[in-house]
Amino acid sequence: MSTAAEPRHPSPANMPARRPVAPVTTFRELYLFGIDSSSLHAHHQLVAYGLAIHADADGEIQPQDQPRLIGLVHDTGLHAGQVAVALTTLRQRGWIRQTRRSDRYDTADFRLTIPAQLEPRLRRRAAAQPTNATSA
C-alpha cells in the first residue's frame with residue numbers, strides 16, 4: 001500500500017510565467033492606459049473600452065464601425081440608460097468627442113479623445129513605465 005505524498009508548499013516555480021508589458025505606442029493604447037488609471041466609475045470605463053474596441057490606432061471610429069447606443073448596450077451588458085449616462089460623462093470629461101452634438105446617442109458618431117490637460121502627464125507616465133516590467 002502506498003502512502004499519500006506530502007502536501008507541497010507553494011514556491012516561485014509554481015507561479016505562472018510572466019509576460020513583458022508592451023510599451024504604449026499608439027493613441028488608442030494611451031487612451032486605454034488613461035482610462036485604466038482614471039477615477040471613472042466602472043460602468044463608464046466599460047463603455048470607454050467598448051468604444052475603444054471599435055477604434056483604430058489613432059482613436060478614429062469609422063462610420064461602418066460606430067457601435068451606436070444599441071451596440072454599446074450589447075458589448076457591455078449595461079442598460080441603455082446606463083450607457084447614455086456613461087457617454088455623457090465621457091463626453092463632458094473629454095474622453096470622447098461626439099461629431100455632431102445634436103445627434104441622439106442611438107445615431108451619434110464618436111471619436112476617442114484624451115482630456116487636453118491630462119494628455120502630457122499620461123504620455124510621461126506611459127513613457128516611464130518599464131518595458132521589462134511584468135503584468136499579472
Checklist entry - Under 3.5 Å, is there a donor-acceptor pair between the side chain of Arg111 and the main chain of Ile61? => result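 Answer holds: no.
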Next on the checklist: Whether the side chain of Gln45 engages the backbone of Ile35 through a donor-acceptor N/O pair (distance < 3.5 Å, no angle test) should be reported.
Outcome noted: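 At least one qualifying donor-acceptor pair exists.
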Side chain to side chain contact (heavy atoms under 4.5 Å, CB included) against [X], all qualifying residues, sequence neighbours excluded:
X	answer
His79	Gln82
Thr99	Asp109
Thr107	Asp103, Arg104
Ala52	Arg28, Tyr31, Leu32, Leu112

Checklist entry - Among Val73, Leu72, Thr89, whose side chain to side chain contact (heavy atoms under 4.5 Å, CB included) with Val47 holds? => result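 Testing Val47 for a side chain to side chain contact (heavy atoms under 4.5 Å, CB included) against Val73, Leu72, Thr89 leaves exactly one candidate, Leu72.
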Next on the checklist: Please identify which of these residues, Gln62, Arg68, Gln64, meets the side chain to side chain contact (heavy atoms under 4.5 Å, CB included) condition with Gln66.
Outcome noted: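 That would be Arg68.
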Checklist entry - Atom CG in Leu46, atom CG in Leu78: separation rounded to 0.5 Å? => result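 So the CG of Leu46 and the CG of Leu78 are separated by 5.0 Å.
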Next on the checklist: Could you measure the distance from the CG atom of Leu30 to the CG atom of Leu122? Nearest 0.5 Å is fine.
Outcome noted: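 These two atoms lie 5.0 Å from each other.
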Ignoring hydrogens, what is the shortest heavy-atom contact between [X] and [Y]? Give both atom names and the distance.
X	Y	value
Trp95	Ser38	CZ2-CB, 4.4 Å
Leu51	Pro67	CD2-CG, 3.8 Å
Asp75	Gly50	OD2-O, 4.2 Å

Checklist entry - When you check the side-chain N and O atoms of Thr88 and Tyr105, is any donor under 3.5 Å from an acceptor? => result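 Result is yes, a qualifying pair exists.
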Next on the checklist: Is it true that Thr25 and Glu29 share a donor-acceptor pair across their side chains at a distance under 3.5 Å?
Outcome noted: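 Present: a donor and an acceptor within the cut-off.
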Item to check | Sequence-distant partners of Thr26, side-chain hydrogen bond (donor to acceptor under 3.5 Å, both in side chains), two or more places apart | outcome: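 Expected list: none.
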Next on the checklist: Applying side-chain hydrogen bond (donor to acceptor under 3.5 Å, both in side chains), can you list everything that pairs with Asp106, at least two apart in sequence or on another chain?
Outcome noted: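 With sequence neighbours excluded, Asp106 shows a side-chain hydrogen bond (donor to acceptor under 3.5 Å, both in side chains) to no residue whatsoever.
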Checklist entry - For His54, which residues count as a ring pair (Phe, Tyr, Trp, His ring centres under 6.0 Å) partner, sequence neighbours excluded? => result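 His54 satisfies ring pair (Phe, Tyr, Trp, His ring centres under 6.0 Å) with no residue once adjacent residues are dropped.
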Item to check | Inter- and intrachain pairs under salt bridge (Lys or Arg N to Asp or Glu O under 4.0 Å), touching residues 116-127, at least two apart | outcome: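 Applying salt bridge (Lys or Arg N to Asp or Glu O under 4.0 Å) to every pair that reaches into residues 116-127, excluding sequence neighbours, yields Glu119-Arg123.
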Checklist entry - Yes or no on side-chain contact (heavy atoms from CB on, under 4.5 Å) for Leu87 and Arg91, after CA distance, side-chain angles and deciding distance? => result CA-CA 6 Å; Leu87 289 171; Arg91 187 173 43 83; over 6 Å; no
Checklist entry - Is the charged tip of Arg100 near the ring of Phe110: under 6.0 Å from the six-membered ring centre and within 45° of its axis? => result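 No.
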